[in-house]
Structure formats: structure tokens, C-alpha cells
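Inspection log for the structure reproduced underneath, given as C-alpha cells.
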Amino acid sequence: MMHEHPLLTQLNEKQRDAVSATGRHLLVLAGAGSGKTRVLVHRIAWLIQTQGVSPHSILAVTFTNKAAAEMRGRVEQLLGSSVRAMWMGTFHGLAHRLLRAHYMDVGLPQNFQILDSDDQQRLIKRMIRSLNLDEKRWPPKQAQWFINHKKDEGLRPHHLDGYDINERTFKEIYEAYQVACDRAGLVDFAELLLRAHELLRDNKAVREHYQRRFRHILVDEFQDTNTIQYSWIKLLSGVGQDQEYPSYVTIVGDDDQSIYGWRGARVENIQQFLQDYPQALTVRLEQNYRSTNTILTAANEVIANNQGRLGKELWTDGSIGEPIDLYVAYNEMDEARFIAGQIEQWHEQGNALQDVAVLYRSNAQSRVLEEALLHARIPYRIYGGLRFFDRQEVKDALAYLRLVASRQDDAAFERIINTPTRGIGDRTLGIIRDGGRERGVPLWDAAKQLVQEKILTGRAGNAVAAFTDLIDQLEDSMGDLPLGRQVDLAIKNSGLMAMYQAEKGDKAETRVENLQELVSACDNFNQLDDVILEDVSPLQAFLAHAALESGEEQAEEHQDAVQLMTLHSAKGLEFPLVFMCGVEEGLFPSQQSLTESGRLEEERRLCYVGMTRAMQKLVITYAESRRIYGQEKFSAVSRFVGEIPPNMLHHVRSQSRTSHHSHALGRFHTGASHEAFTQTGYSLGQRVRHSKFGEGTVINYEGSGPQSRVQVNFDAVGSKWLAVDYARLERC
DNA sequence: ACAGATAGCGTTTTT
DNA sequence: CGCTATCTGT
């Protein structure tokens, strides 16, 4: 028997099977918490270390930069060396890399720029206006969705027939938009994928080059791939192309965690994979290392209600754990208050706040939660706010850099021509736009020509000339300076910094700080870290970095804080204590999901994802009534709660409800002070002293006997829930 | 050019 | 209800 390789020893049997599979292709169906990333990382290390595979011939694809970074880090840790030759990144990052390397083959200028969705929407809106279409009838948002969706399906305008008026008009917008992008040297996110796909499809030499190079292709979160992404994998692997040496493809995914169907992801790609790659071996990872048995069984029961699953049942040899708490709140304020109270208790018991996550279906729910946490003085962090490179002031600064890097970049031109204001109003800009359209040239060229031909004269002409001079001079003075200095120069010479400095208020102050932070981001930007871009100027590399990684989780504050996020953004994370709130019909599952087919099952998968985030304890809450858009709505508990075996649910009693009235009025329990005294030994309104928190007033209680807790409003630190047995309160 | 009023809209998110 | 994008008036 073969001596077991050290890479395999810390793995379970199924994980080992997956890591060391030698067949041509492999599908790993990896349940939540089953060690998916671990398997992927170990497989790469195993290929390199034991199979003599060169890192140079490995391609690993993820969806997010975070996942890519983590994977690379862990592979390097396992191997004890850096593996720069390996291509590892997001679909978009890798497509971008291909386009930079072959810009000529795909008809792009060398300095093409990337358009983010914000820029894209502005541009589309411009197109709709210039086509003289009614924005009410043809909303830019819908046009954007249409265009991106078509691109995700691999479709160009000429592929569309346009039988009905809607399709015809959107096709027209798509066409105009694409012309504008091409003229301006702009590439949107979907275009990165589509162009790279066309490159591989249409250019035999390029295709075969990469097919020969990448012997092993590994794809993470495969259930999230859309049509073009999967096509891309097929092209690169050479499957069905009579390749002499088709690549080995490993895909990892979980059909039960497919929650991005609404943005074009196709779970069906997993089944399709089994057809397209018939020799593929399937390995199921079903042992869960994360959650208690109770949580797991409940989640299994819920997801079992979906049809057409590939089939997978998670198990654990861990403990049964506590039951799942269910709290029925009177309204969303009550719900939030309950959650804050529970978190306080958890914290009292010596647990970390960062181990707690509060998950919700929609971002709007965070507001009330924030208020409650603020009130209870519990630090929290919200995921998914505006990201650094998406901020207005940062985008302004980047637009200057983009225009320096590419005069064609109309999106950048539009953004900053009058920011800060330099006397170029809508009227002048309109003339430049018309000029550009008539001549079929970028706005920059149009502006210069119009000034030269004295069509733009006087104040407007001078202002436009001053602007173009500013950009030209900026480029001259930036020269070969370090990136940070270049940005600093751009921010200052353009007047952008002065503009924001002149503004008043906290907002403006943050903006100035963000501009300064942009300079330090440049100082810290190491092009070499970004293996993607070699033959590209530092400025160009940084701009691409900013566009493709607009995320970059804002500087991790090291404060111990509760995590607030949507169910979607919780995917891939885990927490000892998880609250799922707003679990009501109409909200979760969402109203819209009930009308469209297939959507309800996706909501159920979302519920499954949420539940399986919890390691020790899961608490589900819902509100009988909730204000939505200012209107009070009454809803029933979500059907998903009904799918959890009743014996695993523990109904938590309301802490402070004898009548609904007391909720409206505040936290004071009105009816039962005698009962409170007999059950907890304290009465409401009583003054007490705590060794750490000082003096305060008892304002609420819960439970009885050894489990009873009292809420004390401390004079110094505000209100806290305390376990009576632990806290050793002194009566005073 | 800019402040102030108002109409309109409103899952989920990455790149 | 609260945000934003657009409109209106100076």
C-alpha cells in the first residue's frame, strides 16, 4: 500500500478522494462547511508536489478577489513558496489579463479603461437621451440590465432579432452604447468576459496557446457561473474540440447554495458539466465541520423541500447543540431590541461580539437594528456599504488619472470636465457631445477641434482650452514620478482637493480624508502583488486594480463588533451565534419571488445558506408587523420556519410584553412587578450595584430560577442584561 | 451655477 | 419613510 502523502493526512476520506483524484475531470459537490476551500487548495498543492504539475500550467478561477487572495495565500502556505506562475484570480481579472496581453487581437487600444456599473449607467443614460428616447418608457436601469444580460449570454446586438418593440429599442440602445464604448476605449465588466471569450473562440493560435499551457483548470463556486463563464472554461479546456491533450477540469460547487440566479448564474451548469465532461468523477463532501447537529438537521429539512437537487445530506459527528430559538416580535423595533438584548447577554457571558452575525434579507432592515445596537451601546459593523473606490471623490480623482492615461475615455471626460466647476456648463458640454457624435471622435478630440476651429469661443472656449491644457500639463508633470506623487499632483493641480476642502461639514471632511487615503493607497500599491499585469504602466495597473477590486474591505477596525449583513453577503462565512431576522412571508421569501418561477426555491436556498452559517446557536426572529416604505404591514411567519422540525425550535417568550402597549411606550414592564420579584429576587425600579458597572435601576427581567436575567439600566454604561446568578448584584 | 423643492421609487451583488 | 435625481427659480 502506498505511503500516504503528508498533504492527505489531515483530510477525511472524501476530501482525500477529491484532492488526489487522478481521472480526467472532477466534480466536487461540497456542502456548506465541508472544507471546500481546503480541498481546492490541497488539490492544487497536491498536483504541484506529487504529480509534477508545473504551477505554470494551473489556472484557478474564483468569483471574488477575496476568495482568490485567500486561495493563493493558502496554497503558498502549504507549499512554502510563492507560486507566481500560476494563474489564479476572478473570471473578470483573468479575462482582463487576457485582453491586456492580446489587446490588438481584440481590437482594443492598449490603454483601454474599465467601466464600472455606475459609469456604465451614466453612459447608457446618455445614449438613451441622444437617441431621443423617453427615459420613462426606456429606463436606463432596464437597458443596462438588458445589455449586461445579453453579454452574459454571449450575445452581440446583431444576434438579436428585435421582433417586438421592446427588444428592438433595447437592441438599438445596446448598439449605440457599444459604439460609444468602442470609440472611447471603454470595456464594461460583462465586456471583459465576452471579449475574452470571443478572443479564445475566434483566434485559433491564441486559443491553442492557452489550451496547451493550462493543463489543470479549477473552478470555485461553480454553481454561480453564468453562460459566458462556463463557455469560457469549455473553450480553455478544449473539451469537445478534438484536442489531443484536453485539460483536466476540477469544478467545486454546491447546487443548494446557488443564490445568484437572478443575476444570470445557472445552477444547471453543474449538470451540463457532467454531460460535457462525461469522464468526470463526482465526489460529495457531506461531512460538516461547522454546525451543531440540530442546526444541520434543520437546514437539511428545509432544503429537502426543493425539487431537482443533485442530492446531498450534511452530517456531523459533533454535538446535538441547543435548539433553534424562535422569537415572535410585535414589530421590527421589538425584534431589534430583542436581538440587541440577546447579544448583550452573550457578551455578558464573556463571548466576543465579532462571533455574532445578524443576517437579514434586505439592506433596509439594517436601520432599525443599528438603532437598537446603538442604543444598547453594542459596537457593530455593517458589511456591504459603499466601497472605497466607488466613492464620489475617489472616482473624481481616478477620472483625472484615467483621462491622463487615455484621452479617449469619454466617461472620465464627462465626469470631471466641470468638477470642480470651471465654467463649462450643460450648454458647452452639449456642443462638445454633438461635435463628438458628428465627427465620430471621442469628446477630448471634439473639444480640442472645436476650440481650434473657433466654434467654441469666448468664455466657454477659454474654459475648455484651460481644461485640456490642465490634463496635458498633468501628464507632463507626472512623468515617471512614483504613483503616489502622481495622484497627489492630480488631486491638487486639478483643484479637486481645494474644492472638497472648501466644503463644510463632516461629509466634506471624510471626502478630504478619502482623497488623502487614495494617495496612500497608491503608495502601498505594489504592482508586483498584482501578478496579472506585467507590461503595463504603474498608473494603468493601478486604475485596473481600482476598477476590478473596488471592494477592498475598508481598513479592518480591530474593534470587537457584531457583524450585520444580508444573507447574500454571508455566504462563505461562519459565526458561532447567528440571528436570522425578518423571517416573514413577503420579506423572506420576498414578495417578488412568489410570482416568478424558480425564485422561491432560490429563496429557500438562501435560507439554507443563512442557517448553515451558524456554528453553535441559531436564532430566528420575525415581526408580526413591520413598517415598509412608511406603511405598516402585517405578515405571517415565513413558510421556511414551518419546514423546520418543530421539536428543534424553541419559542422564546417575549421579554417585555404584557401588552402591546408597553412596547409603544418603552422598555418598562408595566404589569408584573410582583411576579418579577418572586421569580428573580429583584423588582422593577429597584436600585442595584454591580462590581464593574456601578449603580443602576432594574428595568426588565426574563425567565425564572437559575436562568433568570434582569435588565439593569446602569447610570454610567447604560442598560445591560445580566444573569442573576452570575452578576451578584447588590441591592442598594 | 446653485440652492431648494418635489416627484418618484423602493430585493439580493460582484466584477 | 427616506433617498436620489430632476426640476425650478433666482
Side-chain angles (χ1 to χ4, degrees), chain A residues 61-68 89-96 114-122 125 129 135-136 139-141 145 148 151-152 187-194 196 221 224-226 228-229 258-265 332 359-368 383-387 389-390 392 418-429 459 463 503 532 544-553 565-572 582 586-596 599 602-603 605-607 609-610 626-633:
Chain A
V61 197
T62 62
F63 274 84
T64 66
N65 292 298
K66 202 173 149 197
T90 63
F91 276 102
H92 292 86
L94 297 169
H96 175 237
I114 300 166
L115 206 62
D116 68 25
S117 12
D118 210 58
D119 293 336
Q120 185 187 37
Q121 204 182 103
R122 287 162 187 263
K125 191 181 262 181
R129 284 182 186 169
E135 281 173 71
K136 294 267 146 55
K141 259 217 156 84
W145 189 86
N148 289 337
K151 287 190 177 186
D152 286 344
V187 175
D188 61 53
F189 289 128
E191 185 73 20
L192 286 169
L193 299 177
L194 181 51
E221 304 277 19
D224 289 339
T225 51
N226 62 29
I228 198 88
Q229 288 162 338
S258 157
I259 55 175
Y260 288 113
W262 53 273
R263 67 176 199 206
E332 77 277 14
L359 310 182
Y360 36 81
R361 179 65 240 267
S362 84
N363 286 308
Q365 289 171 253
S366 72
R367 195 195 196 94
V368 187
Y383 270 68
L386 195 55
R387 282 152 328 161
F389 290 118
D390 289 334
Q392 179 193 298
N418 204 31
T419 308
T421 51
R422 40 175 75 87
I424 303 171
D426 265 352
R427 175 128 185 80
T428 310
L429 186 51
R459 213 156 51 179
E503 280 177 26
I532 309 288
H545 166 81
L548 290 173
E549 301 186 32
S550 56
E552 197 150 352
E553 301 287 327
M565 68 189 85
T566 62
L567 288 153
H568 281 90
S569 32
K571 193 168 90 157
L587 183 60
F588 186 33
S590 77
Q591 200 60 57
Q592 295 92 318
S593 71
L594 301 175
T595 52
E596 266 179 275
R599 285 277 192 256
E602 185 156 306
E603 295 283 304
R605 292 193 290 267
L606 194 54
C607 182
V609 166
R626 179 183 297 276
R627 262 180 185 277
I628 293 174
Y629 306 143
Q631 218 113 66
E632 196 158 43
K633 286 254 162 65

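All chains are named by letter (A, B, ...) in the order of the sequence lines, taking the proteins before the strands, and each is independently numbered beginning at 1. Since this is a predicted model, take the numbers as computed values, not measurements.
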Legend entry - Earlier contact from the 5' end, DNA chain B, for A/Ala190 and A/Gln592: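 Its nucleotide being nearer the 5' end, the pick is A/Gln592.
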Inset, instruction - For nucleotides C/dG2 and B/dT13, find the distance between their C1' atoms and express it as a whole number of Å. - result: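 To the nearest whole Å, 22 Å.
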Legend entry - P-based separation of C/dT4 from B/dT11 [nearest Å]: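 Those two atoms are separated by 14 Å.
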Given atom [atom1] of [X] and atom [atom2] of [N], what is their separation to the nearest angstrom?
X	N	atom1	atom2	result
A/Phe189	B/dT15	CZ	C1'	5 Å
A/Met565	B/dT12	CE	P	15 Å
A/Glu332	C/dC1	CD	P	13 Å
A/Arg626	B/dT11	CZ	P	14 Å
A/Arg263	B/dT13	CZ	C1'	5 Å
A/Trp262	B/dT14	CH2	P	9 Å
A/Leu567	B/dT13	CG	P	10 Å
A/His545	B/dT15	NE2	C1'	13 Å

Check whether any side-chain N or O of [X] sits under 4.0 Å from OP1 or OP2 of [N], and answer yes or no.
X	N	value
A/Thr566	B/dT12	no
A/Asn65	B/dT15	yes
A/Asn363	B/dT13	yes
A/Arg387	B/dT15	yes

Legend entry - B/S/- contact track for nucleotides 1-9 of chain B, protein heavy atom under 4.0 Å: SS-------
Under 4.0 Å between any heavy atoms, over every strand shown, what does [X] touch: base, sugar-phosphate, or nothing? Just pick one.
X	answer
A/Phe63	sugar-phosphate
A/Glu603	base
A/Ser590	base
A/Asp188	nothing

Legend entry - Contacts of type salt bridge (charged side-chain N to carboxylate O under 4.0 Å, His left out), residue A/Arg459, not counting sequence neighbours: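 A/Arg459: no salt bridge (charged side-chain N to carboxylate O under 4.0 Å, His left out) contacts found.
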What heavy-atom pair brings [X] and [Y] nearest, and what distance separates the two atoms?
X	Y	answer
A/Lys151	A/Asp188	NZ-OD2, 2.7 Å
A/Pro140	A/Gln121	CB-CG, 4.4 Å
A/His96	A/Ala544	CE1-CB, 3.3 Å
A/Arg361	A/Leu606	NE-CD2, 3.4 Å

Inset, instruction - Go through the structure and list residues passing side-chain contact (heavy atoms from CB on, under 4.5 Å) with A/Ala95, not counting sequence neighbours. - result: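 Per chain and number, A/Ala95 pairs via side-chain contact (heavy atoms from CB on, under 4.5 Å) with A/Leu192, A/Leu193, A/Ala196, A/Trp232.
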Legend entry - Pairing residues for A/Gln631 by the side-chain contact (heavy atoms from CB on, under 4.5 Å) criterion, not counting sequence neighbours: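 Per chain and number, A/Gln631 pairs via side-chain contact (heavy atoms from CB on, under 4.5 Å) with no residue.
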Inset, instruction - Pull up the glycosidic torsion of B/dT11 and say syn or anti, syn being anything within 90° of 0. - result: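 Syn.
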Inset, instruction - Indicate the ring-plane relationship of A/Trp262 and A/His568, choosing parallel, tilted or perpendicular according to the 30° and 60° boundaries. - result: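 The arrangement is perpendicular - the two ring planes meet at more than 60°.
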Inset, instruction - Could you work out which one of B/dT11, B/dT12, B/dT14 sits closest to the side chain of A/Tyr629? - result: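 Closest nucleotide to the A/Tyr629 side chain: B/dT11.
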Inset, instruction - State whether A/Lys571 and A/Asp224 are salt-bridged, where the test is any N-O pair (Lys NZ or Arg NE/NH1/NH2 against Asp/Glu carboxylate O) under 4.0 Å. - result: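 Yes, charged N to carboxylate O under 4.0 Å.
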Inset, instruction - Compare the aromatic ring of A/Tyr260 with the six-membered base ring of B/dT13 and state whether they stack according to the 5.5 Å and 30° rule. - result: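 The base of B/dT13 is not stacked with A/Tyr260 (the test needs centres under 5.5 Å and planes under 30°).
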Legend entry - Counterpart residues, side chain to side chain donor-acceptor pair (under 3.5 Å), relative to A/Ser569 (two or more places apart):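 In terms of side chain to side chain donor-acceptor pair (under 3.5 Å), with neighbours along the sequence ignored, A/Ser569 is linked to A/Thr566.
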Inset, instruction - Would you kindly check whether a donor in the side chain of A/Ser117 faces an acceptor in the base of B/dT14, or vice versa, at under 3.5 angstrom? - result: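 Donor-acceptor pair under 3.5 Å: no.
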Could you list the protein-to-nucleotides 5-8 of chain C atom pairs, N/O on both sides, closer than 3.5 Å?
| unit_1 | atom_1 | unit_2 | atom_2 | d |
| --- | --- | --- | --- | --- |
| C/dT6 | OP1 | A/Lys125 | NZ | 2.6 |
| C/dT6 | OP1 | A/Arg129 | NH2 | 3.4 |

Legend entry - Residue pair A/Glu135 / A/Lys125, side-chain heavy-atom distance below 4.5 Å: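 Side chain of A/Glu135 against side chain of A/Lys125, heavy atoms only: contact under 4.5 Å found.
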